Amino acid sequence: MSAALQMTAFGLALLSTLFLLLATCTDCWMVNADDSLEVSHKCRGLWRECVTNMQDGVRTCDQYDSILADHPVKIVVTRTLLITADLLAGLALATLLLGLDCIKFLKEEPRVKLKMCYGAGVILGVGSILGLVGSVWYAVDVYVERAMLVSHNIFLGVHYDFGWSCWLGMAGSTGCFVASVLLTCCLY
């Protein structure tokens, strides 16, 4: 039972960590959400903004000036929280891998291996909370920005909605949280 639970938690943590890494690296956190006929598809990410021409499929991206340049708070906070969540999830994944019963590392010390799995669960839980806060922070800020423009009857030509990278960040964080619960609450 314990080995199956460990492997389930490891598989979920691995997939969720990949989701978090993809969300951090990809550039579609916000997409244009206009209902009008568009000739291009616009995405904004944490690192750059891309426009894809719908007629010929040509994609052009503008990198943000610098990591240290003045950026909106939602980008800086989301970058910080997601990078920290990525690092913590990677550390938890390595610790969990060494703590699995099927790995020969410390085979004679089952209590140490169990503590490693528990510690990995705690680290994964902290990383998942940071990733979820970063993803939800960004999504709420996009929603508030759009609601403010609508309430003031301001139309700038493009309205943005949540992109697939934002959803991927939320899914990865939720998966890490579930794996953390499996490791910390259900393993004993």
Side-chain angles (χ1 to χ4, degrees), residues 12-54 57-93 122-181:
L12 184 60
L14 179 64
L15 183 66
S16 300
T17 301
L18 290 175
F19 280 5
L20 275 175
L21 286 169
L22 279 173
T24 305
C25 297
T26 54
D27 55 10
C28 206
W29 280 76
M30 291 171 59
V31 296
N32 58 328
D34 288 337
D35 294 327
S36 62
L37 296 174
E38 290 288 326
V39 294
S40 63
H41 179 72
K42 299 173 186 118
C43 282
R44 285 188 186 170
L46 301 177
W47 312 101
R48 60 189 176 173
E49 184 173 342
C50 295
V51 177
T52 304
N53 187 329
M54 301 305 271
V58 174
R59 180 180 173 148
T60 57
C61 295
D62 292 331
Q63 298 279 349
Y64 296 145
D65 292 335
S66 167
I67 292 175
L68 302 175
D70 289 333
H71 295 292
V73 174
K74 72 179 171 189
I75 289 179
V76 175
V77 169
T78 305
R79 279 180 182 174
T80 304
L81 290 172
L82 278 164
I83 289 171
T84 306
D86 292 342
L87 293 173
L88 287 174
L91 175 66
L93 207 55
V122 170
I123 295 169
L124 203 58
V126 172
S128 71
I129 290 170
L130 292 177
L132 198 57
V133 166
S135 300
V136 170
W137 169 289
Y138 196 93
V140 165
D141 197 60
V142 169
Y143 177 77
V144 168
E145 181 181 317
R146 182 173 179 161
M148 292 296 289
L149 291 174
V150 170
S151 70
H152 290 92
N153 291 327
I154 299 173
F155 181 69
L156 299 176
V158 176
H159 289 286
Y160 286 93
D161 205 359
F162 314 134
W164 60 270
S165 297
C166 187
W167 292 111
L168 200 60
M170 288 182 205
S173 299
T174 304
C176 284
F177 185 75
V178 171
S180 170
V181 168

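Remember, predicted model here, so these are calculated numbers, not experimental data.
With values rounded to the nearest 0.5 angstrom, Thr60 atom OG1 is found 9.5 Å from Glu49 atom CD. The OG1 atom of Thr84 sits 13.5 Å away from atom CD1 of Ile129, with the distance rounded to the nearest 0.5 Å. Atom-to-atom distance recorded for Leu132:CG and Leu82:CG is 10.0 Å, nearest 0.5 angstrom. Put simply, CG on Leu93 and SG on Cys176 are 8.5 Å apart, with the number rounded to the nearest 0.5 Å. From Cys25, atom SG reaches atom CG of Leu20 across 10.5 Å, with rounding to the nearest 0.5 Å.
Legend: salt bridge (charged side-chain N to carboxylate O under 4.0 Å, His left out) pairs involving residues 17-28, not counting sequence neighbours, sorted by first then second residue: Asp27-Arg48, Asp27-Arg59. For residues 12-24, the set of pairs meeting the side chain to side chain donor-acceptor pair (under 3.5 Å) definition, not counting sequence neighbours, comprises Thr24-Asp86. Evaluation of the side chain to side chain donor-acceptor pair (under 3.5 Å) test over residues 162-175, restricted to residues two or more places apart or in two chains, returns Thr26-Ser165.
Counting only distance, with no hydrogens or angles, the side chain of Trp29 and the backbone of Ala23 share a donor-acceptor pair below 3.5 Å.
Considering only heavy atoms from C-beta on, Tyr143 comes within 4.5 Å of Phe162 through its side chain. Looking only at side-chain heavy atoms (C-beta outward), Ile75 and Trp47 stay at 4.5 Å or farther from each other.
For Leu18, there are no side chain to side chain contact (heavy atoms under 4.5 Å, CB included) partners at least two apart in sequence or on another chain. Applying the side chain to side chain contact (heavy atoms under 4.5 Å, CB included) test to Ala171 and every residue at least two apart in sequence or in another chain returns Phe19. Under the side chain to side chain contact (heavy atoms under 4.5 Å, CB included) criterion, Trp137 pairs with Val73, Lys74, Val77, Thr78, sequence neighbours left out.
Across every non-hydrogen atom of Ser135 and Gly169, the tightest pair is OG-C, 3.4 Å. Of all heavy-atom pairs spanning Arg44 and Tyr138, the tightest one is O-OH, 4.3 Å.
Sulfur-to-sulfur, Cys50 and Cys28 sit at least 2.5 Å apart at their SG atoms.
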